[in-house]
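Reading through the structure tokens given below for one structure.
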Amino acid sequence: MAKNKNNQTIWVSRIKKKTSNLFQKVGSSINIDKRLYKEDIKGSIAHVEMLFKQKIISFKIKNKIIYGLGKIEKEINKNKFEFNNKYEDIHMNIEKRLFQIIGEEAGYIHTARSRNDQVITDLKLWIKSSTKEIKLNLDKIIKSTIKIAEKNIETIMPGFTHLKNAQAISFAHYLMAYVEMFTRDKKRFENNLNSLNENPLGAAALTGTSFNIDRNYTTKKLGFKIPTNNSVDTVSDRDFVLDFLYSTSVCSMHISRIAEELIIWSSDGFNLINLSDKIVAGSSIMPQKKNPDLLEYLRGKSGYMFGNLFSMLTILKGLPLSYFKDMQDDKEIVFNSYDNLINSLKIFDEILKNISPNKKNMYELANVGFITATDLADYLVKNHSMSFRKAYQKTAEIVNFAEKKRKKLYELKIEELKKIEPKLTNEVLKIFDLKNSVNSKKSFGGTSFENIKRMIMKYKKIK
Ligand code: ARG
């Protein structure tokens with residue numbers, strides 16, 4: 001980049017003393033917001049095109065500015081742009097460079113706008129495209145999860161409540177639960193597009209402008225749907241930032257829950273899934289160890305995202321309208337949450353490709369803890385006209401008996417069962433079969449094989 005002849009700040013005509021070094025250092029956000037350069041240039045081009053259309057600037061000036069901005073974009077793309085702390089942020093760095101390239105006519109670019117509307121235009125555009133990237137990554141995870149589910153429809157495992165064996169379930173049904181969670185995440189990000197599609201440009205500093213601007217024009221040019229309604233609200237509003245941070249928090253919370261679940265399932269006590277060597281770490285002292293570090297990394301990362309959401313809420317709490325420097329931190333927070341989430345999604349996809357169920361152990365563990373007791377109670381209701389409470393009580397008696405005898409429910413003899421409930425016949429024994437138990441849950445959304453297949457089909461079709 002050519003040496004800047006005019007190396008003074010934009011407000012030198014008003015502020016006479018050199019900015020304190022400390023203030024320059026902390027006040028500058030260029031190292032963070034330079035990430036917005038593409039959006040900033042896009043916004044500026046739309047803005048000057050609108051100014052020309054409205055006869056606020058000439059054809060020649062518009063073209064010169066657009067030429068200069070194009071050149072700047074190339075310089076930044078090629079790492080040839082010299083970002084300067086002194087010019088505080090991406091907006092002023094670009095404006096300063098525009099002066100060097102096209103001269104005094106660069107001074108027209110900031111007609112009828114302020115950095116206050118400019119910065120949120122940039123940030124909204126950035127979050128919109130980042131949202132697309134997040135959704136693509138969520139799609140990948142959903143696909144990888146379905147792939148494992150398809151192969152495990154009849155893989156039977158214990159379903160847990162309170163981490164105690166509850167009822168038998170298909171491994172695929174658990175996996176499809178993750179698909180539901182990630183699909184909700186996608187929807188949450190999609191819903192945010194409503195406010196992201198409102199164009200802030202033209203709100204100027206806080207009052208709007210006396211220039212005859214056309215906000216509908218820039219709205220269309222920039223791919224927004226409508227202009228925002230109120231200029232003061234526009235420059236004060238960071239709700240769209242909170243929406244984004246909340247959505248990243250929820251998504252990372254989902255990942256954290258699943259990571260914890262997989263950690264438990266891969267632990268020696270459970271041993272229900274295997275983690276391939278690609279995603280485990282050894283110990284420096286215990287030669288036998290294979291630790292689920294990567295899953296723990298994911299479980300922990302959600303902390304950052306929650307922290308970011310709370311930082312932003314706290315920054316905004318009690319902040320009067322309209323713009324304050326406090327809000328400048330929004331970008332660092334958003335970028336951090338985005339980077340962490342994308343990272344976590346990519347890692348999670350890698351994990352999905354490196355886990356496999358321990359089918360035998362799953363089945364064996366499913367036979368622990370009288371897991372078919374509820375099936376027995378349901379059977380008594382359906383076949384021996386008992387109320388559910390009565391059947392519950394009878395089944396509890398049978399479970400107590402089995403426990404005393406140190407037997408599993410399926411090991412009980414029909415004579416033993418009859419002693420507790422004389423109406424029972426041999427037919428009841430099929431109730432203790434795990435596969436039968438899983439497949440009997442045919443209510444919509446239940447773990448029957450047919451239901452799972454239907455859900456897999458449904459999600460395979462969604463794009
Ligand atoms: N870099 C600033 C930010 O991100 C841009 C807005 C500055 N506006 C102002 N009135 N100082 O918040």
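In this text the structure is predicted, and so the values were computed from the model without any measurement. Indexing begins at 1, ligand by ligand and atom by atom, following the structure's order.
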Test: K128 and E39 ion pair at under 4.0 Å: no
Identity and distance of the protein heavy atom lying nearest atom 5 (C) of ligand 1: D89 OD2, 3.5 Å
Near K331, which atoms of ligand 1 are under 4.0 Å from a heavy atom of that residue? 3 (C), 4 (O), 12 (O)
Q328 N/O to ligand 1 N/O under 3.5 Å: yes
Which of the numbered atoms in ligand 1 are under 4.0 angstrom from any heavy atom belonging to V119? 4 (O)
With a 4.0 Å cut-off on N to O distance, would you call D339 and R35 a salt bridge? yes
Heavy-atom nearest neighbour in the protein, as seen from atom 9 (C) of ligand 1, with distance rounded to 0.1 Å: Y323 CE2, 3.2 Å
Quick check: do Y297 and D293 have side-chain heavy atoms less than 4.5 Å from each other? no
Side-chain heavy atoms of T155 within contact of Y363, under 4.5 Å: no
Nearest neighbour in protein (non-hydrogen) for atom 11 (N) of ligand 1: R115 NH2, 3.2 Å
Is H91 close to ligand 1, meaning an N/O of one under 3.5 Å from an N/O of the other? no
Starting from atom 10 (N) of ligand 1, what is the nearest protein heavy atom, named by residue and atom, and what distance separates them? N116 OD1, 3.1 Å
Candidates L275, I258, N291, L295 - the one meeting side chain to side chain contact (heavy atoms under 4.5 Å, CB included) with I263: L295
With a 4.0 Å cut-off on N to O distance, would you call K442 and E450 a salt bridge? no
